[in-house]
Structures are given as C-alpha cells and as structure tokens.
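Worksheet for the structure shown next.
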Amino acid sequence: MDFWQRYRAIDARDIRFDGQFYTAVRTTGIYCRPSCPARTPKASNVTFYETSAAAHDAGYRACKRCLPEAVPGTPAWNLRQDIAGRAMRLISDGVVTRDGVDGLAARLGYSSRQLNRILSQELGAGPLSLARAGRAQTARTLLVSTSMKLADVAFAAGFSSVRQFNDTMAEVFGMTPTALRTARHPKAPAGSTALTLNLPYREPFDPGIFTFLAVRAIPGIEAGTPTSYARTLRLPQGDARFRVDYDAGAPGRPLTLTIGAVDLRDLPSLLSRVRRLFDLDADPVAIDSALAGDATLAAAVAGTPGIRMPGAMDPAEMLVRAMAGQQITVAAARTALTQLAAVGRPSLSPGEGLERMFPTPAEVAGGGSAVLRGPQRRIAALLAAAAAMADGGLDFGYGDSPESLAAKLLPLPGVGPWTTGYLAMRILGAPDVFLANDAAVRNGIRALGEGTAASTADFREASPWRSYATMHLWRAAARPASGTRRSTAAHTNQGTRPAEEANR
C-alpha cells in the first residue's frame, strides 16, 4: 500500500488494517492503529510504519485510546518469504530471547550485522527492537488480562529484569505497569493456577478449523470438539498444556486461551504458536474477496466466510504426522499416530485427560518400528526422517521459506512435492500453495464445479491465496452428496498424495 491508500484507510477507520501498519503523528508524538477513533490527523503530520518497533525507535508512544498493541498481527509475515518475513516468524517464536541476535542470524544464514541492516531497511527496526516490541505487547496483554504479579509478568514476557520491564513499558506506553493494569481484568478463580487470555482476530472467523483439528486429535495428547481444542506441547523450557474455546453466542465471539501449564519463559512462544495454529493473523476479508472472484469457489466462500488454514505447533511433529498419514484415511492415520504415541513419554504437567507428549524424533526413530503398521517402505521412510531430525542432519522450521523447506525435505525417501507443499502450508503458513495432484482437491473441484464456468487448472486467479482455496476444496470433498456415500479420497488425511510420491 502506498501513503494515500493507507491514509484513506485511517480516514475510514477501517479495522481490517489494524496490525498491518501503524500511524505515527508528529504533533502528538503517539502512534495509533488505523481504526483509532481520534480525529484523523493532517496528512502532512503523518508517518506510516510497518511495525510498532519502528515507531518506538522513532520516538513515538502507543496511543492510550486505541491501544495499537491489542490487535491481531499482520499476515505479511506469512505472505513474505524473504529474510524479513522469515526473521519475524522466528522473533515471534522467541528465538531472540532464547538465542540472541547471533542465534537468529545463524538460523537465517546471515551475520548479525547483515541481518540488522536488512531488517532496519525493510521494517524500520533491528531484531532487538522488534523483539522488545513483542515483549511489550505480551506484557501489556498479561497486565490487563491476568492477576499475575508484576515480576512474573516481566519474566513471562521475556524481559531479563524488572527494571528493564518498567523502563520499556514507560517508554512504549507512557505509563507504569501498575497504571496499565486496569480494574476490569478478570480474576483467576481461587486456587487456580491457569492463565486465561482472549485471542484477538479479524472477523469473520470460521470455526470449522476446530473440527479439522478434532478429527485428527491423538487421544491423551489432544482433545477437540467443534468449538474447542486442547493439547500438550513440548516447548524449549518444558512441557505445556493449553485449551482454546470459541463462543459464537457471546458478545464479540471470543476465542479464549486457557493455559493449564507452562514455564513462564515459554509463554511468548506458546502464544505465537497458538496464533499460528488457528491462523489468527489472517485477513479473511481480503482472502474471501479474492477467492469469491473464482466461479468455482464463489458459493463455497459465501457459505463459509473466514475459513482458516491450520498451522503447526511443532515442525518436526508435523513432518511425522504427514508421513504417517500418507495414502490412508483420517481415521486410519489417527489410529497409527495413537499407536506411535506409545513411544512418547508421559507429560510432566498432565491434566484434563491429556497425559502424554507427542514423541520426539529420537523416540520415533528408536521405538517406532515396534508400533507402526503398514507398508514397510513408508515405515522405513518415516524412521529415516525421524533419525535425521534426531541427529541434527535435518533442521527446518518457521524460519524457512517454501524453497528452502523443499530443498531440505525433497532428498528424503517418501517425500515429494505434495508433502513439501502441504508442510509449507502448515508450518510456514504459506498462503499460495495449490496441491493440484491431490485427489481430494480434484474431488472438491468436481463437487463445487457443477454448473459453473471452469477455473484454470492451477486456480491462478485466486493467487496469492490458493492455500485457502485448497481448504475450501478439501471441505467440499469431505461433504457427502445427498443420497451418496462419501468417497474414500474425501476421507483421506489432508487429501491424498500422488501414489508415485508415496512410493519414492
């Protein structure tokens, strides 16, 4: 967007752009979200920034009226597969807090100096400032949403000291942490150690993502319903457990995150991964507008606005799940993964029927052969991939691009373009993946295409949102026609890979 497009957005107070850029006003020294209800400033007094960190570095404070930090994140970090986008995904996952700027730079293949220069040029702030802005946002959320002690808030948000926490909050928000904490924040029930937070998102929101996760849930590790999802998760500092609930009947249709167990140092990483899992930084209006222009998809988009693309809580786990579910139904994949879960260890923070952890690559490589069933070629490929991850020979994650992810995974036996495309969707949130050879995608095209003009074979008109087109087509394929039996392909785990890929 150019300056005048952004200026028209703030003049219209368009909430769709909240979190996608920030408006700084020279005469007041504050920055706002685009939908701020204050009087629209003169264009000559306005500067737009890609990130709140850039506004901080330029000397601006957050607006106390519109709270620009209390908004969904920008979808740009999934759209962008350049160094800036990859760096932001890793910063959100807490890499700078855990490993420092040197660790972030090493993951991206740059020196710290090069990375700082690139991010400063592209985003207006370096990695330390971007991480600091994320800490401030997490701290503000905890201050106004929980009863945590101020010192606990400081360390949970990633600050190294209470003094650093106090100084940053005063600099960013122009208020002390105590002043930021309102009298309206919800109190935790007596004796409860759970944290409860609301997750901001852009409407509309299709709750079908809960069903997608529920039918794939592994008993003892995950639990799901059409409006809730819970699981255990291994994070850098220890085991965690959480639940997300959706209440369509409540004012604002809130998504509520309840954290049953977590090491406070892992809290920013957990929040980031939950948001990725539910695709909460997506811009559904922009996506639906693009997809609705395709004749095949128009009715599906109108009937299911705000469809989301499920993310991945753990990249290594996602590869294991994808390979274990090749060429079998969702139910069969769930059975296979339930058997595989037996080689994992019990959770150190069990609760609510969630008592086990998903196996690590080392556990899969060491014990998977005893519990996995099916074609030996597929089992051998899965065990080889797990062994490569366990010994460090295969390392991939949120900081990859679709191209680098494919370069790392395609040499593996049993992995082809379908698998790398699917994992780019789930792990990276890549929005423009179209799995043209997927059987369920073809079934979905047939289900939606009756009586409509033919789309191009690769749905290029829907670019850059073809991953969401894939979600609509999978949904259509899984919906049985009246009076007919649902096809096997419609039941398959995330669609069906080409047979030649499964046999590599």
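Heavy-atom basis, side chains included; hydrogens, waters and symmetry copies ignored. Starting from 1, each residue takes its place in the sequence as its number.
Counting heavy-atom neighbours within 6.0 Å of Y110 OH, excluding the residue itself, gives a total of 12 or less. Within 6.0 Å of CD1 on I15 lie no more than 12 heavy atoms contributed by other residues, nucleotides or ligands. Around CG of N45, the count of heavy atoms belonging to other residues, nucleotides or ligands within 6.0 Å exceeds 12.
Between F205 and Y246, the ring centre distance stays below 6.0 Å.
Judged purely by distance below 3.5 Å, without hydrogens or angles, the side chains of S111 and Q114 pair a donor atom with an acceptor atom. Checked by atom type, the side-chain pair D239/S349 shows no donor-acceptor distance below 3.5 Å. Side-chain contact check for Q20 and R6: no donor-acceptor pair (N or O, by modelled atom type) lies under 3.5 Å. Using a 3.5 Å distance cut-off with no hydrogens or angles, the side chains of D432 and S463 do pair a donor with an acceptor. Side chain to side chain, S272 and D93 fail the donor-acceptor criterion of an N or O pair below 3.5 Å. Side chains of S35 and D18: a donor on one and an acceptor on the other come within 3.5 Å.
Taking the charged nitrogens against the carboxylate oxygens, R273 and E317 have no contact shorter than 4.0 Å, which rules out a salt bridge. Here R8 does not pair with D14 in a salt bridge; the nearest charged N to carboxylate O distance is not below 4.0 Å. For the pair D279 and R308, the salt-bridge criterion is not met [side-chain N within less than 4.0 Å of a carboxylate O]. Ion pairing between a basic and an acidic side chain is recognised when a charged N comes within 4.0 Å of a carboxylate O; E50 and R80 show no such pairing. Between R107 and D99 a salt bridge is recorded (basic side-chain N to carboxylate O distance below 4.0 Å). By the 4.0 Å N-to-carboxylate-O rule, D281 lies close enough to R275 to be salt-bridged with it.
In terms of heavy-atom proximity, N78 sits nearest to P431 at O-CD, 3.4 Å.
The side-chain heavy atoms of L435 and M425, taken from C-beta on, include a pair separated by under 4.5 Å.
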